[in-house]
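Along the sequence shown, residues are numbered consecutively beginning with 1.
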Amino acid sequence: MNVRRRSSAAALAAIAVIGVAAPAVAADPSPSTSASAPSSPSGLYGSADPQFDGVWRQSLALLAQDTAGVIPSSQAVKWLTDQQCDNGAFAPFRADPAKACDAKTMVDTNSTAAAVQALWAVGGHGDVVESALAWLKSVQNEDGGWGYTPGGPSEANSTSIVIGALAATETDPEKVRKAGKSPYDALLASALPCAEDGGAFGYPDQDGKLLANGDATAAGVLGALGKGLVTGAAEKAGGAGCTDSDEPTREQAAANGAAYLADALAKDGHLKSALGGSTEQPDYGNTADAVVALAAQGGADKAAKPLAWLEKNAAKWAEQSGPAAYAQLILAAHATGTDPRAFGGTDLVEKLNATGPAPQGAAAKDTATTTDKAADEDEKKDDSGFGVWWFVGVCLVFGIGIGFLLSGRNKKQQP
């Protein structure tokens with residue numbers, strides 16, 4: 001889902017004003033003119049305007065650091081916790097956290113679900129996580145899913161991000177129901193047939209018609225598998241190829257979505273995007289999301305081609321786009337068992353760390369003994385001050401004619 005996550009924060013404001021629906025969520029949230037640390041000691045990663053992606057950007061950064069064995073700065077974690085409203089929800093950014101949220105505060109499911117995943121990962125914020133989860137459950141739609149804004153029509157991106165938050169916090173999404181419907185019911189309603197749309201997950205256009213969409217498909221595959229933003233490669237490859245069924249299972253819907261992504265990536269190794277009639281260009285963020293989805297469904301080998309393309313081509317994009325982009329690449333590396341410190345000759349972890357407050361350290365999570373792990377957790381708790389112990393320009397507002405894209409998924413994906 002899109003440094004899922006793949007979009008421009010600047011586009012969000014225009015989208016919200018004119019009421020244009022665009023593909024939702026994800027990963028290259030707000031392009032940054034520089035990857036250098038912000039001048040303000042606020043604790044926020046990146047120097048670009050956080051108005052539309054602050055919480056998303058911060059959440060991805062903390063998640064990426066955690067997967068790389070880095071103990072995030074307590075200042076960075078506090079910045080994120082301070083963004084929460086009293087009702088448990090998160091908005092993309094609150095300039096004055098001391099001022100209570102009101103009816104004008106644009107809270108959304110994507111920022112909230114991203115923050116849940118990040119804060120669960122770093123640990124020590126059970127009250128914040130529980131409050132956020134309670135809010136997400138309170139705004140669940142009767143079809144079992146979620147839209148970007150509370151009450152907005154359910155769509156694959158937002159529903160999948162919330163599924164990820166539930167799964168990451170050891171909450172069974174199947175048991176989170178509204179009017180008898182689970183999140184999986186809503187997600188499967190967005191799965192398109194193989195014969196017409198190649199098994200993609202769809203995203204609704206202005207008229208509510210589902211259109212095959214690469215961003216929605218990458219998110220939908222993870223959602224159908226019950227995975228969050230952080231996931232590893234499947235130990236046993238799931239089904240291959242696209243198969244139509246009157247009532248597809250979650251596993252088959254994930255396999256169909258993966259087949260669609262594999263087909264879209266087959267020629268060039270990357271997904272494409274086009275905005276406003278401009279020439280098609282490589283979509284780095286959604287390609288990174290596709291890597292995660294393919295690895296989670298079919299194993300690391302299934303994601304080898306787009307991963308190799310990213311290793312060769314994504315460094316400059318990440319440098320220009322900032323922390324969410326670095327984080328998205330780190331999550332792609334994590335999903336495929338690739339070293340993020342030697343990603344096509346770039347140390348992604350070092351680059352991410354340099355965009356904000358210095359982390360507190362790194363722990364050799366993969367090689368530590370049980371005793372060492374316990375000691376690391378204690379140290380993490382002491383150093384951070386928050387204890388040791390969850391997640392798309394950006395996400396998209398699609399309620400009542402409002403479109404909003406988070407973390408790099410603001411462009412319609414083309415096969």
Quiz item: How are the rings of Trp309 and His270 set relative to one another: parallel (under 30°), tilted (30 to 60°) or perpendicular (over 60°)?
Solution: tilted
Quiz prompt | Within residues 93-155 or reaching into it, pairs that qualify as disulfide bond (SG atoms under 2.5 Å apart) - sequence neighbours excluded | solution = Cys85-Cys101
Self-check item: Summary of disulfide bond (SG atoms under 2.5 Å apart) pairs that have at least one residue in residues 173-256, sequence neighbours excluded
Solution: Cys194-Cys242
Self-check item: All pairs passing salt bridge (Lys or Arg N to Asp or Glu O under 4.0 Å) where residues 82-101 contributes a residue, at least two apart
Solution: Lys78-Asp82
Exercise. Could I get the full list of side chain to side chain contact (heavy atoms under 4.5 Å, CB included) partners for Ala200, not counting sequence neighbours?
Key: Ala212, Thr217, Tyr260
Exercise. Return the set of residues passing side chain to side chain contact (heavy atoms under 4.5 Å, CB included) with Lys178 (not counting sequence neighbours), or none when no residue passes.
Key: Gln140, Glu142
Exercise. Begin with the C-alpha distance, continue with both residues' side-chain angles, and end with the deciding distance and a verdict on side-chain contact (heavy atoms from CB on, under 4.5 Å) for Leu261 and Gln297.
Key: CA-CA 11 Å; Leu261 292 173; Gln297 192 276 331; over 6 Å; no
Practice problem: Could you check Phe93 against Val55 for side-chain contact (heavy atoms from CB on, under 4.5 Å), going step by step and ending with a plain yes or no? | Solution: CA-CA 6 Å; Phe93 175 65; Val55 166; 5.9 Å; no
Quiz item: Can Tyr184 and Val176 be said to form a side-chain contact (heavy atoms from CB on, under 4.5 Å), step by step?
Solution: CA-CA 10 Å; Tyr184 294 129; Val176 179; over 6 Å; no
Roughly how far, to the nearest 0.5 Å, is the [atom2] atom of [Y] from the [atom1] atom of [X]?
X      : Y      : atom1 : atom2 : value
Gln328 : Leu348 : CD    : CG    : 11.5 Å
Gln281 : Leu271 : CD    : CG    : 14.0 Å
Thr338 : Ile330 : OG1   : CD1   : 12.5 Å
Leu119 : Leu80  : CG    : CG    : 4.5 Å
His334 : Thr231 : NE2   : OG1   : 7.0 Å
Thr346 : Lys316 : OG1   : NZ    : 13.0 Å

So, [X] versus [Y]: side-chain donor-acceptor pair below 3.5 Å or not?
X      : Y      : answer
Tyr45  : Gln65  : yes
Thr249 : Gln252 : no
Tyr148 : Asn110 : no

Quiz prompt | Test ring pair (Phe, Tyr, Trp, His ring centres under 6.0 Å) applied to Trp79 - qualifying residues, sequence neighbours left out | solution = none
